[in-house]
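Just so you know, these numbers come straight off a predicted model, no measurement behind them. We name chains A, B, ... by the order of the sequence lines, and we start the count at 1 in each one.
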Amino acid sequence: MILRFEITNGSRSPALAESVELGDDGTISGWRTVSPAGVGWFAGRLPEAELAEVRALAGAVRTAPAPSLARPGASTETLDLDATGPYSIAGSRDGLAVAARWLVQRLTDFPRAAVTVTHPSPEVARLEHRGTEPLRLDLTSVAVSAAVWRGYYEPAGTWSGVIGGPGEMEAGPGWTLDLPLEIDAPADPGITVHLAVDFAIRHGGSSMPVEARYEPDIEAPE
Amino acid sequence: MTAPEGPIPGQRIVKPADAPDTNVPGPLRLPAAGNAAIARLLQSAPSPAALGDLMQLAGNSLLARIALPSAPAGGAPPAPAGLAGGATGSEIADLQMKLSRLQASAAPLTEDGKFGPLTEAAVRTFQGSNGLEVTGQPDAATRTAVDTAFAALSPPVRVQVALGSTGLDVGFAQQKLNAAGATPRLAINGVFDNTMLGAVIAYEIVAVHRFPQGIVDATVWAALDAGTQGGFVADEGASNTPIEQLTPSGTANALGVQVAGTSLHPVTGVGGLTSGPAVHELQQKLNTAGATPPLKDDGSFGPKTRAALQAFQNGKVPVTGTADAATWAALDAAAPATTTGSISRTWDEVVGGATYGLTSNYSWEIQKTRMVVTAKVNFVGLAPPAAWFGHVPAKWNQFQGVDPATGRTMPIDFQMTRGGGGDSNTVEVKRGNDRANAGEWYLGDTDAANTIPHEYGHLIGLQDEYQLHPADYVRVTGHEPPVGDAGGPATPPATIATGIQAAMVARSGVAAKAATVGAGLKPGAYAQRVVAEYALLAPVNLAAVAEVPGPPKITGLPAFTTTGEVLSDLDNALRDDLPRYDTIQVLSYSSGSIMGDQSRVKDPHDHGAQPRHLAQFMTILGQALGGTWEARRR
Ligand SMILES: [Zn+2]
């Protein structure tokens, strides 16, 4: 193992409970609970150049640095290296901490059994399976919310609804589920809609709450 | 492809994580008012401030349809609240409190000092039922009548309590004994035990001047009530909403605890800051301390400033030509007063049983007609939206310093500016809508109007006001912990405490929540009995927990021995998840202010920015201008 990184935050709902592990051979795997690029299980292999960079950063650490105090409100962030065992990197902005956080983002490029949300038409939020393996979803209650932005993140309204969903089901490759939206944002190039869909993924005997997000980039003004 | 049938049922009005700072108590209570406001909005160009409030009030599809005008690019203070006969915000806040208690308002009014439609409606109702001309304006006659009616309200009915008594009244007596200086502080647990007996006896001797009887009877209650306000539950508004009235206690200090051995002054000069407010402050202090020839107060650390600094250092501190902590201490002693200054405050806080910390960099300047407080932010990552810069003055620029002895006033304006350097704060701007913290802010935060002012509070040294231990809650808010739920569920406190420990042994946040929230436990006196019972349990050694291979892989937990301090034990023993957070919430105290947890604590009396949050600047005004200053709503 080169590193394992875990980030958790129980003060938000659904909670952040994400992890990424990078193996010596470049295998990257992990779990996302709140993400604009899919929630669920991800696994793949990091290209050699990227792997070498992280390996060098991790290899330079011999002992766990004195923990910097986490900033008020910060998530719990734990980095685990073979050389050190787990230690907190909340509040740290050093190269390895930045790389660990980046790996959580990078993870979503390797979906194994994951679900994402898209926005194919104004009235539809669509859940879509990503990856090669099925996963069980708990869609008993699905909360959909939308944020409408004008220009660069000027708030232009929010909307949310709770749906009594189809219950528990297996989602495999090709699976989609359309959820109706009742937003009526102006068809204006200056308007951007972001979506969040809250549901749960079944694993073992329990349900893990997750939030799939749809967040097209908004270009910052010059 | 499968699709659920029909449109989404049960559409609910979106409520932001933090409640809006309007005098609307809750979005669900006034749909009609919301619709009327939206209708007005559609007829005319609304102000951005009104839109912001409306979107929080009723962020629904209708609003999503409205094309908004551009928000101001920051710095613009909110438009003045409606007509209120020239009354200040403090007077309006007082009026709001009284109208609520007189039940002239429909629901409890939030004491925000803003004369909005709900306050106006309450004025009308009061005028109508008191034979006054119904104008909706709080003119002098109306205010006098309100004051008279308020003074005529019957005092709270007090119950005699003695050793063995339990319940709300015991809790209120505990609050007031604490406010009167009981040592050690009494837990607000609603139980008249031997510790409380000692405090009552002491109070009888010292404050009531009678032979102690160890009971809180009518005489003792009269003395306690005369000495300290609050400490009872009043029905507010026509809705008869029971609201616990806060009990002031001591002087609030809302700042995070300064880390021992740190200086509030940034290192200034070579190797530190060489321009900006810190250098202005240095030059002014050197001049006051007798620099010859006097330095030009230009905020630029050049050879002359360095020479004057060395001359000052000579014989007092090592002559380095750089103002370090020791030099600043000597300068502060020689020349306390300046008109500008730079603060670098390293502080920490204990929230939810864990310790957090920050160095807050900010500056202040006393100008002719106002004081300006600036937090400079070095934004990294993505660009911050312009609206964020407007959220800070909208929430914070509501106060002025007042020196009652001389009648002098000084508005305090807060601003967030962009910039780097040693006196800036680094904030990473990220995509998405995660939980913001003092160093990471999220572009997709639909509640940025509250979040940004909260995080700004951290940048001027203020600590969080949620999930606190009782002593921290009192220090930070300046009032006693609320009695809250004194009766509790049927489950005995010791049983709940044992359940919490068992949940720790099982390493299960879900079990901890089931033992507390699930058993009907709510924040307040009964929950503090659980905290005390937990402290009596023998410590347990929790074995390390192996990881779950997954997916998802769940990291193991290290071995841990419980300490009896329930919040830190929960923090250490359990994973950082929502059930753990909810469990810690009921066993701790949170305020409803901008630095508290407005999403979970609805307190019409302690909402938004509060005078306590400006106390440090009142001290600075006193140093610079003389006198004793207090923060009041404009
Ligand atoms: Zn905070």
Is the side chain of A:Tyr152 donor-acceptor paired with the backbone N or O of B:Ala383 at a distance under 3.5 Å, no angle test? yes
Looking only at A:Arg93, A:Glu18, A:Met208, the option with the highest number of non-hydrogen pairs under 4.5 Å against chain B is A:Arg93
Taking B:Asn433's backbone N and O only, do any of them form a donor-acceptor pair with A:Arg12's side chain (distance below 3.5 Å, no angle check)? yes
Counting heavy-atom pairs under 4.5 Å to chain A, which of B:Leu358, B:Thr355, B:Leu443 comes out on top? B:Leu443
Hey, which of A:Glu123, A:His194, A:Arg213, A:Glu211 has the most heavy atom pairs under 4.5 Å with chain B? A:Arg213
Roughly how far, to the nearest 0.5 Å, is CD of A:Gln105 from NZ of B:Lys430? 7.0 Å
For chain A, the option from B:Gly509, B:Gly352, B:Gly432, B:Ala354 that forms the most heavy-atom pairs under 4.5 Å: B:Gly432
Rounded to the nearest 0.5 Å, how far apart are CG of A:Asn9 and CG of B:Leu578? 9.5 Å
Answer key: most heavy-atom pairs under 4.5 Å with chain B among A:Asp217, A:Val142, A:Val34, A:Thr78 is A:Asp217
Examine whether an atom of B:Pro579 lies under 4.5 Å from a heavy atom of chain A, and if so say whether it belongs to the side chain, the backbone or both; otherwise answer neither. neither
Can you tell me which portion of A:Glu21 sits under 4.5 Å from chain B's heavy atoms? Options are side chain, backbone, both or neither. side chain
Heavy-atom cut-off 4.5 Å, strictly under: side chain, backbone, both or neither for A:Pro36 against chain B? neither
Need one label for A:Ala17: side chain, backbone, both or neither, based on atoms under 4.5 Å from any heavy atom in chain B. neither
Could you look at B:Glu428 and say if it's the side chain, the backbone, both or neither that has a heavy atom under 4.5 Å from chain A? both
Output the option from A:Ile201, A:Val193, A:Ile218, A:Thr8 having the highest count of non-hydrogen pairs under 4.5 Å with chain B. A:Thr8
Side chain B:Asp576, main chain A:Gly10, donor-acceptor under 3.5 Å: yes
Give the member of B:Asp348, B:Thr426, B:Asp582, B:Asp445 that has the highest number of heavy-atom pairs under 4.5 Å with chain A. B:Thr426
Specify which of B:Arg431, B:Glu349, B:Arg580, B:His458 makes the most heavy-atom pairs with chain A at under 4.5 Å. B:Arg431
Looking only at heavy atoms, what is the nearest atom pair of A:Gly73 and B:Tyr356, with distance? N-CD2, 4.2 Å
With only heavy atoms counted, which part of A:Arg4 is less than 4.5 Å from chain B, the side chain, the backbone, both or neither? side chain
Using non-hydrogen atoms and a 4.5 Å limit, figure out which bit of B:Ala448 sits close to chain A: side chain, backbone, both or neither. neither
Whatever's closer than 4.5 Å to a heavy atom in chain B on A:Thr76 counts as both
Using a 4.5 angstrom heavy-atom cutoff, name the option from A:Ala220, A:Pro209, A:Ala74 with the most pairs to chain B. A:Ala74
Between B:Tyr581 and A:Ser11, what is the shortest heavy-atom contact and its length? CE1-CB, 3.2 Å
